[in-house]
Amino acid sequence: LSLEHLTKLLFALPLLDWMLFDEKGTVKLYNAFISQIVPIFYGVFAFFRAIIWPNNYLNGGSLYPYLFLDPHSPWFWPGLAIVFLSLLGFSTLIFFLNSVFSNKYSKWRE
């Protein structure tokens, strides 16, 4: 087994555990929005990191870990919007998958 296969397996095990054994249908839609707090704080820290430590360059020789966080980049605002909306969309998708796996949308049968 290579390291790449092992990392895929380590990702699949908790997902499989969640799909088979955890209680589903308890997640509310507002959790998709609340889950954006950590990525927002990370983005704010990564942005202000260049201001707080102006001579501390990263491995690629940039002050910013991502190109779209550089305020002089043309991808600054579009990149922020794309990343935020994709993370919000992924969180919302997970919410709906949780609801589908719990049979929340099935009709009552008599």
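A quick note: this is a predicted structure, and the numbers were derived from the prediction, not measured. Reckoned from all heavy atoms, side chains included, excluding hydrogens, waters and symmetry mates. Quick note: residue numbers are just sequence positions, from 1.
Note that CG of D70 and CH2 of W75 are 14.5 Å apart. Values are rounded to the nearest 0.5 Å. Taken to the nearest 0.5 Å, the CG atom of L13 stands 8.5 Å off from the CG atom of D17. In this structure, the separation between CG on N98 and CG on L29 is 11.5 Å, given to the nearest 0.5 Å. A distance of 12.0 Å separates CZ in F90 from CG in L88, rounded to the nearest 0.5 Å. L87 contributes atom CG, which lies 10.5 Å from atom OG1 of T92 (distance to the nearest 0.5 angstrom).
There is no path of hydrophobic side-chain contacts, each under 4.5 Å, that joins V38 to F41. In terms of hydrophobic clustering, with Ile, Leu, Val, Met, Phe, Trp and Tyr side chains grouped at heavy-atom distances under 4.5 Å, F48 and W77 are assigned to a common cluster. Placement of F84 and I34 in two distinct hydrophobic clusters is found when ILVMFWY residues are connected by side-chain heavy-atom separations under 4.5 Å, directly or transitively. F11 and F101 fall within the same hydrophobic cluster, where Ile, Leu, Val, Met, Phe, Trp and Tyr residues are linked whenever their side-chain heavy atoms come under 4.5 Å apart, directly or through other members. A single hydrophobic cluster is seen to contain both L80 and I51, as judged by linkage of ILVMFWY side chains at heavy-atom distances under 4.5 Å, directly or through other members.
Counting all heavy atoms, side chain and backbone alike, N56 lies closest to L63 at O-CD2, 3.7 Å. Considering all non-hydrogen atoms of both residues, F68 and V83 come closest at CZ-CG2, 3.5 Å. Nearest approach of Y42 to P65, heavy atoms of both residues: OH-CG, 4.0 Å. The nearest pair of heavy atoms linking H5 to S2 is ND1-OG, 2.7 Å.
By the 30° and 60° cut-offs, the orientation of the rings of F47 relative to F76 is tilted.
No side-chain donor-acceptor contact under 3.5 Å links S73 to the backbone of L69. Checked by atom type and distance alone, the side chain of R49 never pairs as donor or acceptor with a backbone atom of Y64 at under 3.5 Å.
At a threshold of 4.5 Å between non-hydrogen side-chain atoms, the residues I37 and I40 do not count as touching. When side chains are defined from C-beta on, S91 does not count as touching F33, because their heavy atoms never get closer than 4.5 Å. The side-chain heavy atoms of F95 and S35, taken from C-beta on, include no pair separated by under 4.5 Å.
Annotation for L67: hydrophobic cluster partners, listed by chain and number, are none (ILVMFWY side-chain heavy atoms under 4.5 Å, direct or chained).
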